[in-house]
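What follows is one structure encoded as structure tokens, with my remarks underneath.
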Amino acid sequence: MNAILRPTPSPTAAKIRTPLARARGLGSSKEGATHFWRQRVTAVANIVLASLLTFVFVKLAGADYATVKATLKNPLVSLLLLLFIASGVIHMRLGMQTVIEDYVHAEGRKVACLMLNTFFSVIVALTSVWAVLKLSFGA
Amino acid sequence: MADATQAPKRHPRPISPHLSIYSPLVNMVMSIVHRLTGVALYFGTLLLAWWLIAAATGPAYFAFVNGLLTTLPGKLVLLGYTWALMHHMLGGMRHLIWDTGRGFNISTVNFLSWGTIIGSLGLTAAIWVGALKMKGLL
Ligand code: HEM
């Protein structure tokens, strides 16, 4: 029986799951519909956030530094940006994961690409968040 | 039970036709473009991050970045980014409709697919015309 039990993402999750739940499994990705669902939740959030931010970017396109700074300091604008960075980055990381899994089949290269995907996403997220926070609180 | 873990015997399997066999249909092209725009937006986030960092750094560096973005190549990149975002957003909405199990008959699929490309071009034009008018450039 043990031979066909699949590994689960976390040791705790593995322990508390019944054999039946394990036998049912979560598919080859070991995470069930989580990836799919998060992609959809962030997609819906992106629609709202990207649409609202389009107005901000249109206003700021070609504007002078003082206007840009004052607008980005606005708490509502900062909040929209922070939400969009969070939602957008989670979404794009999941999306790129799908693309990698579709095209990169050699195990080593796939794992490397998936890692780079995570690194890229985290770096984009944190540098952008840093910039927004510096504008909100800083000089 | 143990059988399930044994490697399958190698028989030549029938192979299903792939991309190169089909003549392009609008929903298939839009599906590919949805992926391309998703990947473009992925790398495009570097542009947003860079612009935000420039704004957070100070007037001199911001003027430098803003200067680059307002050159003709810069504007073309931003125009492309706008279109990619609009196309991917409408394509994503189409996916969300399909996720509810609706919209799968051929005429609806074609309608949604044409709607994605035409809508994305329309929205991109509206955003840019609106922006240029607002700035008195049109
Ligand atoms: C604006 C609203 C957006 C909506 C409604 C949306 C919707 C979606 C949906 C539903 C998918 C899944 C497609 C599938 O299952 O085949 C997807 C994939 C993807 N999205 Fe988005 N998205 C949005 C914005 C973004 C943004 C801002 C980015 C990048 C920063 C992005 C990057 C991606 C990537 C890389 C994929 C994977 C493409 C693929 O698998 O073909 N999306 N999007």
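Labels below follow one simple rule: chain letters A, B, ... track the order of the sequence lines, proteins then strands, and each chain is numbered from 1. Note that these values count all heavy atoms, side chains included, but never hydrogens, waters or copies made by symmetry.
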Near [X] [atom1], under 6.0 Å, is it more than 12 heavy atoms from other residues, nucleotides or ligands?
{"X": "Ile106(B)", "atom1": "CD1", "answer": "no"}
{"X": "His18(B)", "atom1": "NE2", "answer": "no"}
{"X": "Trp37(A)", "atom1": "CH2", "answer": "no"}

Could you look at [X] and say if it's the side chain, the backbone, both or neither that has a heavy atom under 4.5 Å from chain B?
{"X": "Thr127(A)", "value": "both"}
{"X": "Val132(A)", "value": "side chain"}
{"X": "Ile47(A)", "value": "both"}
{"X": "Asp102(A)", "value": "side chain"}
{"X": "Phe36(A)", "value": "side chain"}

Pick from [options]: which one has the most heavy-atom pairs with chain A under 4.5 Å?
{"options": "Leu46(B), Leu41(B), Thr70(B), Leu69(B)", "answer": "Leu46(B)"}
{"options": "His95(B), Met134(B), Arg35(B), His88(B)", "answer": "Arg35(B)"}
{"options": "Gly92(B), Ala131(B), Pro59(B)", "answer": "Pro59(B)"}
{"options": "Gly58(B), Ala63(B), Ala54(B)", "answer": "Gly58(B)"}
{"options": "Thr45(B), Leu132(B), Asn66(B), Val39(B)", "answer": "Thr45(B)"}

Inset, instruction - Apply side-chain contact (heavy atoms from CB on, under 4.5 Å) to the pair Phe57(A) and Ile127(B), showing each step before the final yes or no. - result: CA-CA 10 Å; Phe57(A) 292 131; Ile127(B) 290 167; over 6 Å; no
Might you point out which heavy atoms bring [X] and [Y] nearest each other, and give the distance in Å?
{"X": "Leu96(B)", "Y": "Arg40(A)", "result": "CD2-CD, 3.9 Å"}
{"X": "Ser128(A)", "Y": "Ala49(B)", "result": "OG-CB, 3.3 Å"}
{"X": "Ser51(A)", "Y": "Met89(B)", "result": "OG-SD, 3.9 Å"}
{"X": "Phe43(B)", "Y": "Met96(A)", "result": "CE1-CE, 4.2 Å"}

Would you say [Y] ends up clustered with [X] if hydrophobic residues are merged whenever their side chains have heavy atoms under 4.5 Å apart, either directly or through other cluster members?
{"X": "Val99(A)", "Y": "Val89(A)", "value": "yes"}
{"X": "Ile118(B)", "Y": "Phe111(B)", "value": "no"}
{"X": "Ile85(A)", "Y": "Leu47(B)", "value": "yes"}
{"X": "Leu94(A)", "Y": "Val44(A)", "value": "no"}
{"X": "Leu112(B)", "Y": "Met93(B)", "value": "no"}

Heavy-atom cut-off 4.5 Å, strictly under: side chain, backbone, both or neither for [X] against chain A?
{"X": "Leu48(B)", "answer": "side chain"}
{"X": "Ile53(B)", "answer": "both"}
{"X": "Leu52(B)", "answer": "both"}
{"X": "Trp51(B)", "answer": "side chain"}
{"X": "Thr82(B)", "answer": "neither"}
{"X": "Tyr61(B)", "answer": "neither"}

Legend entry - Proximity of residues 119-126 of chain A to chain B, residues having a non-hydrogen atom under 4.5 angstrom: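 Listed by number: Phe120(A), Ser121(A), Val124(A).
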Inset, instruction - Return yes if some donor-acceptor pair links the side-chain N/O of Lys135(B) with the main-chain N/O of Val58(A) below 3.5 Å, else return no. - result: yes
Legend entry - Backbone N/O of Ala55(B) and side chain of Tyr65(A): donor-acceptor pair under 3.5 Å: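 Between the backbone of Ala55(B) and the side chain of Tyr65(A) there is a qualifying donor-acceptor contact (under 3.5 Å).
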Legend entry - ILVMFWY clustering at 4.5 Å (side-chain atoms), partners of Leu76(A):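 Leu76(A) clusters with nothing; isolated.
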Legend entry - Most chain B-contacting option - heavy-atom pairs closer than 4.5 Å, from Ala66(A), Gly95(A), Ala61(A): Ala61(A)
